[in-house]
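What follows is a single structure, written as C-alpha cells, with notes after it.
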Amino acid sequence: MSMPKNKSRVSVVIPTFNGKPYLEKNLPAVLKLKADEIIVVDDASTDTSVEVIDKFREIKLIKNPRNLRFPKTVNTGFAAAKGEVVVLLNQDVTPDENLLQ
C-alpha cells in the first residue's frame with residue numbers, strides 16, 4: 001500500500017521506567033493518535049510496566065537488559081523507529097488527540 005506523497009510516516013517513542021500508572025493512563029490516548037508505529041522502551045523497570053505494555057498488541061516493546069538511563073533509552077527507541085518523523089513522549093504525558101495533525 002503506497003502512502004500519499006504529502007504524508008510522512010510517524011513513529012512515537014516513549015521511554016519508560018517504573019511507569020505503570022502513567023502507561024495505564026496514557027497509552028490508550030497514544031494509540032488514538034494513529035501513528036504508524038509506537039515504540040515503548042522499558043529501561044529495566046522493577047514494577048509491572050512490561051505487563052501493561054504487553055496488553056497493547058499494536059505497541060512495539062523494547063526491553064533494556066539493565067537500566068541505561070534516559071538518554072540511552074531514548075536513543076534506543078530512535079534507532080528502532082522507522083518513521084521519517086519521530087515524536088518523543090515522556091511516559092507521564094497524555095497527548096492531545098490532534099498532536100500529529
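For this chain, numbers begin at 1 and follow the sequence in order.
- Inter-residue side-chain proximity for Val41 and Asn64 is flagged as met; some heavy-atom pair is nearer than 4.5 Å.
- When all heavy atoms of Leu31 and Glu58 are compared, the closest pair comes out as CD2-CB, 3.9 Å.
- Asp43 and Arg66 get closest at one heavy-atom pair: OD1-O, 3.6 Å.
- Contacts of Glu51 classified as salt bridge (Lys or Arg N to Asp or Glu O under 4.0 Å), with partners at least two apart in sequence or in another chain: none.
- A heavy-atom distance below 4.5 Å is found between the side chains of Leu88 and Pro15.
- Looking at heavy atoms from C-beta onward, Val30 lies out of side-chain contact with Val40 at the 4.5 angstrom threshold.
- By the 6.0 Å contact criterion, CD on Glu24 is enclosed, its count of non-hydrogen atoms from other residues, nucleotides or ligands being greater than 12.
- At a threshold of 4.5 Å between non-hydrogen side-chain atoms, the residues Phe17 and Ser49 do not count as touching.
- Looking at every heavy atom in both residues, Leu99 comes nearest to Leu89 through CD2-CD2, 4.2 Å.
- The side-chain heavy atoms of Leu100 and Lys34, taken from C-beta on, include no pair separated by under 4.5 Å.
- A pairwise comparison of heavy atoms in Lys20 and Val52 identifies CG-CG2, 3.6 Å as the closest pair.
- Closest approach of Ser11 to Lys82, counting heavy atoms only: OG-N, 3.5 Å.
- Remark: side-chain polar atoms of Asn90 are not paired, donor with acceptor, to backbone N or O of Asp92 under 3.5 angstrom.
- Of all the heavy atoms in Asn67 and Ala44, the pair that sits closest is N-CB, 3.5 Å.
- From Leu27, atom CG reaches atom CD1 of Ile59 across 4.5 Å, with rounding to the nearest 0.5 Å.
- Residues Leu33 and Ile38 have side chains not in contact (no heavy-atom distance under 4.5 Å, counting atoms from C-beta outward).
- Heavy-atom neighbours of Phe78 CZ from other residues, nucleotides or ligands within 6.0 Å: above the threshold of 12.
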